[in-house]
2 protein chains.
Amino acid sequence: MPVVSDCINMLDSETKAVETPEDHAEELRLWLRLLTCTTLIEGEVRGRLRQRFDVTLPRFDLMAQLDKAPDGMTLSDVSKRMMVSNGNVTGLVERLVESGHLDRRTSETDRRVQVIRLTKLGRAEFRRMAAEHETWIADLFADLTPKDVRELMRLLAKTKASAQKSAARRRP
Amino acid sequence: MPVVSDCINMLDSETKAVETPEDHAEELRLWLRLLTCTTLIEGEVRGRLRQRFDVTLPRFDLMAQLDKAPDGMTLSDVSKRMMVSNGNVTGLVERLVESGHLDRRTSETDRRVQVIRLTKLGRAEFRRMAAEHETWIADLFADLTPKDVRELMRLLAKTKASAQKSAARRRP
DNA sequence: GGCAATCATTTTATGCTTAAAACAATTCGG
DNA sequence: CCGAATTGTTTTAAGCATAAAATGATTGCC
């Protein structure tokens with residue numbers, strides 16, 4: 001399948017034909033484009049959250065996780081879901097408890113575990129922000145057709161699976 | 001252009017035609033998936049760079065920009081290309097000059113401008129890292145067929161354009 | 001020619017993020 | 001049971017990142 005573009009590349013990259021140690025320029029470009037898209041959208045969302053609600057993106061993301069878990073989550077759960085380090089969550093939670101958005105208590109059954117949940121205030125504020133946030137996202141993706149969206153979902157699922165597999169190879 | 005699929009969408013999304021306050025759940029899910037993929041890959045690359053070369057991702061990214069510009073770049077150029085704030089670049093460059101990877105000088109023709117370029121050491125180290133980095137990326141995307149890659153490239157280009165348009169609407 | 005607007009960069013204040021080490025509570029194997 | 005892993009969280013040190021204000025240099029417009 002990639003025959004044509006491979007050949008082109010072999011020719012124009014330096015005409016050294018056979019012994020190329022493999023050409024991964026396409027994947028590299030794909031990765032850069034993926035990163036660019038994400039950075040672009042993330043920056044836009046970050047800016048709008050700050051402007052409209054004076055809230056940071058990490059705070060919003062954390063509240064989003066908790067909004068889906070009415071019974072609360074442990075810090076580890078949050079850290080896994082958000083794909084950030086444990087220490088990161090500790091600090092984030094500290095600040096959100098301080099500002100009255102989160103409630104934090106030690107588990108009855110396992111005193112190592114901290115369970116956090118949204119307070120009434122936290123939930124109300126989050127819902128308000130989430131509603132507007134959803135319209136921003138819709139607007140940012142507005143030029144994609146429903147078919148585009150479906151196709152992207154499919155390809156990104158495949159990408160995620162591929163990356164997870166690769167990551168697992170290195171850390172068995 | 002999207003007229004046909006819009007209609008399809010109106011029909012198959014729930015046949016509720018007119019009065020929904022609008023449903024953007026699909027776009028939201030797409031955004032989350034995009035973010036997940038990027039975070040996953042970025043984390044993996046970050047970890048490998050640290051393990052193998054004891055270098056951070058931002059340092060690597062900055063060097064990558066400079067490697068493509070043998071005559072150097074201004075800090076503004078770098079900041080635009082990397083899509084990060086000016087102040088961020090200032091600090092990053094400071095540390096890379098300190099460690100001998102970058103050379104920095106004030107422009108002859110405009111004393112506001114700082115031109116930075118890779119030193120011999122910086123270029124050599126970058127090339128060494130970049131070669132390995134390329135194989136990681138190839139591995140992370142290994143399960144995508146060349147057709148998948150092309151299709152993703154196309155859809156992400158469309159996404160980028162859509163997001164840029166949306167961003168421009170808010171900041172004319 | 002001079003002064004306002006603009007531009008490139010730096011500084012400041014604050015917050016996010018990580019990796020690694022430290023702590024503390026629980027579980028498990030002998 | 002009891003010590004050795006394991007697990008959940010926090011701490012630490014360093015670096016990354018942003019927005020906004022400050023600084024210094026250049027340009028453009030009377």
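So that the names make sense, note that chain A is the first sequence line, chain B the second, and so on, each numbered from 1.
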Exercise. Can you check whether B:R111 has a side-chain N or O nearer than 4.0 Å to OP1 or OP2 of C:dT9?
Worked result: no
Seminar exercise, completed: Rounded to the nearest 0.5 Å, the CG atom of B:L155 sits from the CD atom of A:E151 at a distance of 6.5 Å
Problem set entry | Interatomic distance, B:L49 CG vs C:dT18 C1' [rounded to whole Å] | 14 Å
Exercise. Between B:E108 (CD) and D:dA25 (C1'), how many Å, whole number?
Worked result: 15 Å
Exercise. Roughly, in whole Å, what's the span from CD in A:E94 to C1' in D:dT10?
Worked result: 9 Å
Problem set entry | Separation of D:dT11 C1' from A:Q114 CD (nearest whole Å) | 14 Å
Exercise. What is the distance from CE of B:M83 to P of D:dT18, rounded to the nearest Å?
Worked result: 10 Å
For this session: Please determine if a side-chain N or O atom of B:R104 lies less than 4.0 Å away from the OP1 or OP2 oxygen of C:dT10.
Result: yes
For this session: Scan B:L92 against the nucleic acid and name what it touches under 4.0 Å (heavy atoms): base, sugar-phosphate only, or nothing.
Result: sugar-phosphate
For this session: Assess whether atom CZ of A:R81 is packed by more than 12 heavy atoms of other residues, nucleotides or ligands within 6.0 Å.
Result: no
Seminar exercise, completed: A:D110 CG to D:dT9 P, in whole Å, measures 8 Å
Exercise. To the side chain of B:V113, which of C:dT11, D:dG8, C:dA8 is closest?
Worked result: C:dA8
Problem set entry | Comparing A:K80 and A:R50 on DNA chain D - which has the more 5′ nearest nucleotide | A:K80
Exercise. Which of these nucleotides, D:dT9, D:dA25, C:dT11, is closest to any side-chain atom of A:T90?
Worked result: D:dT9
Exercise. Do B:R59 and B:D61 sit within salt-bridge range, that is, some charged N less than 4.0 Å from a carboxylate O?
Worked result: no
Problem set entry | Nearest-neighbour nucleotide for the A:R59 side chain, D:dT10, D:dT26, C:dG15 considered | C:dG15
Seminar exercise, completed: On DNA chain D, more 5' by nearest nucleotide between A:N88 and A:R46 is A:N88
Exercise. Which comes earlier along DNA chain C counting from the 5' end, the contact point of A:S85 or that of B:D77, where each point is its nearest nucleotide?
Worked result: B:D77
For this session: Using a heavy-atom cut-off of under 4.0 Å over every strand shown, decide if B:T74 touches base, sugar-phosphate, or nothing.
Result: sugar-phosphate
For this session: Calculate the interatomic distance between B:R95 atom CZ and D:dA17 atom P; express it in whole Å.
Result: 9 Å
For this session: Rounded off to whole Å, could you give me the CG-to-P distance for the B:D61 and D:dC16 pair?
Result: 11 Å
Exercise. Is there a donor-acceptor pair closer than 3.5 Å between any side-chain N or O of A:R117 and the backbone N or O of A:D71?
Worked result: yes
Problem set entry | D:dT9 phosphate, OP1 or OP2, under 4.0 Å from A:S76 side-chain N/O | yes
For this session: Give a yes or no on whether A:K160 atom NZ has more than 12 heavy-atom contacts from other residues, nucleotides or ligands under 6.0 Å away.
Result: no
For this session: Report yes if at least one side-chain N or O of B:T56 is closer than 4.0 Å to OP1 or OP2 of D:dC16; otherwise report no.
Result: yes
For this session: State whether a side-chain donor-acceptor pair under 3.5 Å links B:D148 with B:T145.
Result: yes
Exercise. Can a donor-acceptor pair under 3.5 Å be found between the side-chain atoms of A:R112 and the base atoms of D:dT7?
Worked result: yes
